[in-house]
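One structure coming up, written as structure tokens, with questions to follow.
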Amino acid sequence: MGSKVKISFYPIDVDFSEVENGTALRVFGFTPEGKKIVLLAKGFKPYFYATIREGLPAEQVAAKISAQEFEYKGRKLKMRAEKISGMELKIFTEFPTDVPVAQDFIKRLDEIDKTYEFDIKFFKRFMLDSGILPFALHEATCEPAGKLGDCEVFETETIKTISTAVLAPKILAFDIETLSAGQQPNTKTDSIIMASFYGENYKKVIAWKRFNAPDYVQFVDGERELIEEFIKTVRAFSPHVLVGYGSDHFDFPFLRERAAKYNLRLNINYDGSEVFINTKGRHAAKTTGLQHLDISHFIRNIVSIETSRFKLDAVAKELIGKGKSKTVDPALISEIWSSNDAGQLQNLAEYNLIDSQLTFEIAKKILPTQMQLLKMLGLNLYEINRMTYGQLVEWFLINNAIKSKTRFPPKPRAFQVFERRKQTYTGAFVVEPTPGFYKNLCVFDFRSLYPSIIASHNISPETINCKCCRGLKIVKLETGEEFWFCTNKKGFFSELISDLIERRKRINEILITTNPQDSAFAELQARQHALKYIANSMYGYLGFAGSRWYSIECAKAITALGRQYIQDVIKEANKFGLRVIYGDTDSLFIDNVNKEQAKQFLQIINTVLPKPMELELKGAYSSGLFLERKTGEKGAKKRYALLSESGSIIMKGLEAVRGDWSKLAKKAQKKVIELVLKTGNVEKSAEFIQNLIKDVNNKKIPLDDFIINVKLTKDLRDYANISPHVAAATLANQKGMPIGRGSVVSYVVTKGESDKISDRVKLAEDASVNEIDSDYYIESQILRAVFKIFEVFGYAVENFKTGQMRLA
DNA sequence: GGCTCCCGGGG
DNA sequence: GTGTACGGGAGCC
């Protein structure tokens, strides 16, 4: 028996994992002195809840369950049931994996009514129950139990939270550069040539080719040494948070594959183990003892930004006001590397470093918000960073259910989700835009429309159509359905959302009088963002098929009230002499208006609106292009492009052209939108397209612009259909090129007899401009990328093909 | 019209 | 793993 010691520490990472003699909950962290430690938490048992049928004796049912034993996978599975209340049992199992099995057994018993809380991962259950808050000060009485990787190991029974103030984590951002022989880097054939790091007062680039370079560049002998140095750098810097941009699906998978080539272990984890890369579904790289955050997830899922693309350059420009290095074209990295040109190599090193720096600065900007979410939701930053809006609310609700000692409902089963998806309901009120070009636009929107509706009408799954308030304050739908909400009792959703709104309002009031340079400012800002994100997600969660708290009735009532409010505002706008050209849910686009008029209108409208509701000016734009909305019975998509006063273009729903299109199509779409917005003159765009078509017909376009790159996601023989890229890959194989799963095929479409494109593909390297099927590129690439825009102005694209530009 | 397959981010 | 991403568009069948 070792001696007990008391330890103060800051947790960083909690997981449930294999240890020497079985499995354990592990709490990784560091002491105030900066020592890395891991606590093995004992004495926390897996459990779930069950309610028994009315009138049955709880003790006897509990005793019966505790006496049960059944065979499962060659092992006797045991349970222990405890009476919690007259109706409720808490059922413990030996192992976490026993819970779903035991639950399945228990719910079938005659004595049991319902089961609860059986579908939450063990370490999450532990975190929420124990209240462990990463980056806050904790204390534990424990026994030393050796070493694990970089950490001292301790065994403990209980962990106590001393303070809920969270430390600012120590951040290290990283980025790698690779060669790319083909169109895209391939882990099998291309090596990693550089890696960069950026932290507080820290910058470093590792490269394995020597050139005259600034001090921050460290040279190594080769790729293997680069990877070794990469691992050493991370472990020596000892970040709490390791951030990358797109690192879940690019940097880490690439590092791992290349490390494997040299039989190296990618052991940057603080327990000495390798980075775990989940390859099922979307990739995710999980590190142990430190948090690896691919911040592109949080930007994409949670942070609302105006660029519809999530490339680092665009995101950085918007969030921190600067973009990537312009001195290097990523497509030319391989050339630069082989050129031995010191100037170019220096540029490359700087380019690599700047990517890390941008990632670091974006992380600095969003981490405070993530830390606030962490305080509200528990869990690890790893989970917080990758959450969608739905998960944000879900964990917020689960936390609050636990706090208020009510049981949270299970996730719906697949068939329930399927059934729910079949049900549709009337969504928001939409003023369909007349497609066209508009000038001097102002965008107005309701501040938190749905949250304030939920709060002010007490909307919640348990308050809707309650028995006690039938007939009071009815919301009536066009279908005749009627909804009302309890006036006697506050609902679970509405009470929580009222609190979120109230807290956010108070913070915003303080923010107004706080100096932005003040250290408190950033934290308050982060807090109000966290509150906003959660409040804004609550409505969607009620109508989301995968929701634990699904209530289509609530969702119906909320949208009905929303329609009422926006229609009222539109009426007021018309009275004021303003024309709404487009409106959706909570926002209105008005053209031919200056900011002065806009402000006057706001003042009038906000005195008329009922209390929590408020209309705001969201933005002003010099021009806008509205397209026909894509129609479909579900979720008509908005499509428009705006030109901001600063000259940047904002696009919504226009990104039809993606990576698997030719450059030709991408260029065409970009140019047309730009020309229309900046000149307002569609003739110019039409001329541009006609010239482009002429150039295609006259073979004046380089072959490069015709190439289509598509990745093979499986082995060739596994394809059911011979799609163009599969046909192209087959051609490559016939030539003896090793193209298989994971490689990118580059092909062009050539002229030929067959109707099928797949019969007419040719490998890009074997094709010439003369063979190009101009018709395919004109119709299926250029015109398909731009016809929506021309339709708006009454041009029929058929006319373009014959070279005559005419109105339809 | 249904099914299959790819995209995103990264170099 | 106290389990399974997602929605949209193009081309094949």
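Just so we're on the same page: letters track the sequence lines, and every chain starts at 1.
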Salt-bridge contact A/Asp715-A/Arg741 (side-chain N to carboxylate O under 4.0 Å):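 Looking at A/Asp715 and A/Arg741, the cut-off is met.
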
Sugar-phosphate only, base, or nothing, as touched by A/Trp337 at under 4.0 Å among non-hydrogen atoms: nothing

Sugar-phosphate, base or nothing in reach of A/Phe310, heavy atoms under 4.0 Å: sugar-phosphate

Distance in angstrom units between A/Asn186 CG and B/dG11 C1', rounded: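 A/Asn186 atom CG is separated from B/dG11 atom C1' by 12 Å.
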
side-chain N/O A/Lys324 vs B/dG11 OP1/OP2, d < 4.0 Å: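 For B/dG11, OP1/OP2 do have a side-chain N/O of A/Lys324 under 4.0 Å.
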
Non-neighbouring partners of A/Tyr382 that pass ring-ring contact (aromatic ring centres under 6.0 Å, His included), sequence neighbours left out: none

side-chain N/O A/Lys711 vs B/dG8 OP1/OP2, d < 4.0 Å: no

B/dG11 base / A/Thr178 side chain donor-acceptor hit below 3.5 Å: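 Answer no: no donor N or O sits under 3.5 Å from an acceptor.
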
Toward the 5' end of DNA chain B, by each residue's nearest nucleotide, A/Leu332 or A/Arg300: A/Arg300

A/Lys756 side chain, from C-beta outward: closest of B/dG10, C/dC12, B/dC5: C/dC12

Geometric class of the A/Phe230/A/Phe174 ring pair [parallel <30°, tilted 30-60°, perpendicular >60°]: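 Judged by the thresholds at 30° and 60°, the geometry between A/Phe174 and A/Phe230 is perpendicular.
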
Within residues 88-106 of chain A: residues closer than 4.0 Å to DNA chain C (heavy atoms):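 A/Pro96, A/Val99, A/Pro100, in order of number.
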
Touch class at under 4.0 angstrom, heavy-atom based, for A/Asp251 against every strand present: nothing

Pairs meeting criterion salt bridge (Lys or Arg N to Asp or Glu O under 4.0 Å) with involvement of residues 175-187 of chain A, two or more places apart: none

Nearest-Å distance once atom C1' is located in both C/dA5 and B/dG9: 15 Å

Proximity to the side chain of A/Arg658 - top-ranked nucleotide from B/dG11, C/dG8, C/dG11: C/dG8

Whole-Å distance separating the CD1 atom of A/Ile708 from the P atom of C/dA10: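 That distance rounds to 12 Å.
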
Residue list, ring-ring contact (aromatic ring centres under 6.0 Å, His included) with A/Trp208, at least two apart or on another chain: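 If we apply the ring-ring contact (aromatic ring centres under 6.0 Å, His included) test to A/Trp208, skipping adjacent residues, the hits are A/Trp337.
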
Residue-phosphate contact under 4.0 Å: A/Arg784 side-chain N/O, C/dG11 OP1/OP2: yes

Touch class at under 4.0 angstrom, heavy-atom based, for A/Phe252 against every strand present: nothing

A/Asp313 CG - B/dG11 P separation (whole Å): 11 Å

Touch class at under 4.0 angstrom, heavy-atom based, for A/Ile757 against every strand present: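 Answer is sugar-phosphate: A/Ile757 comes under 4.0 Å of backbone atoms only.
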
For atom CD of A/Glu257 and atom C1' of B/dG11, their distance in whole Å: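 Distance, rounded to whole Å: 16 Å.
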
Qualifying residues under ring-ring contact (aromatic ring centres under 6.0 Å, His included), relative to A/Phe126, sequence neighbours excluded: A/Phe44

Whole-Å gap separating P (B/dG10) and CD (A/Glu177):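 One finds 11 Å between P of B/dG10 and CD of A/Glu177, rounded.
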
P gap between C/dC6 and C/dG1, integer Å: 14 Å

A/Asp248 CG to B/dG9 P, straight-line distance once rounded to whole Å: 14 Å

Listed nucleotide nearest any side-chain atom of A/Ser758, set C/dC12, B/dG9, B/dG11: C/dC12

A/Val745 and its side-chain contact (heavy atoms from CB on, under 4.5 Å) partner, picked from A/Asn709, A/Thr730, A/Leu763: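 Only one of A/Asn709, A/Thr730, A/Leu763 forms a side-chain contact (heavy atoms from CB on, under 4.5 Å) with A/Val745, namely A/Leu763.
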
Distance in angstrom units between A/Ile354 CD1 and B/dG11 P, rounded: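 In whole Å, B/dG11 P lies 13 Å from A/Ile354 CD1.
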
Residues in ring-ring contact (aromatic ring centres under 6.0 Å, His included) contact with A/Tyr747, at least two apart in sequence or another chain: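 A/Tyr747 satisfies ring-ring contact (aromatic ring centres under 6.0 Å, His included) with no other residue.
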
All salt bridge (charged side-chain N to carboxylate O under 4.0 Å, His left out) counterparts of A/Asp294, not counting sequence neighbours: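 Salt bridge (charged side-chain N to carboxylate O under 4.0 Å, His left out) check on A/Asp294 returns nothing, list empty.
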
Test salt bridge (charged side-chain N to carboxylate O under 4.0 Å, His left out) applied to A/Arg108 - qualifying residues, sequence neighbours left out: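 A/Arg108: salt bridge (charged side-chain N to carboxylate O under 4.0 Å, His left out) contacts with A/Asp104.
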
Ring centres under 6.0 angstrom apart (A/Phe544, A/Tyr550): no

Residue-level proximity of residues 716-727 of chain A to DNA chain C when a heavy atom falls under 4.0 Å: A/Asn721, A/Ile722, A/Ser723, A/Pro724

Sugar-phosphate, base or nothing in reach of A/Asp190, heavy atoms under 4.0 Å: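 The answer is nothing, as A/Asp190 stays clear of every strand by at least 4.0 Å.
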
d(CD, A/Glu779; C1', C/dA10) in whole Å: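 Atom CD in A/Glu779 sits about 15 Å away from atom C1' in C/dA10.
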
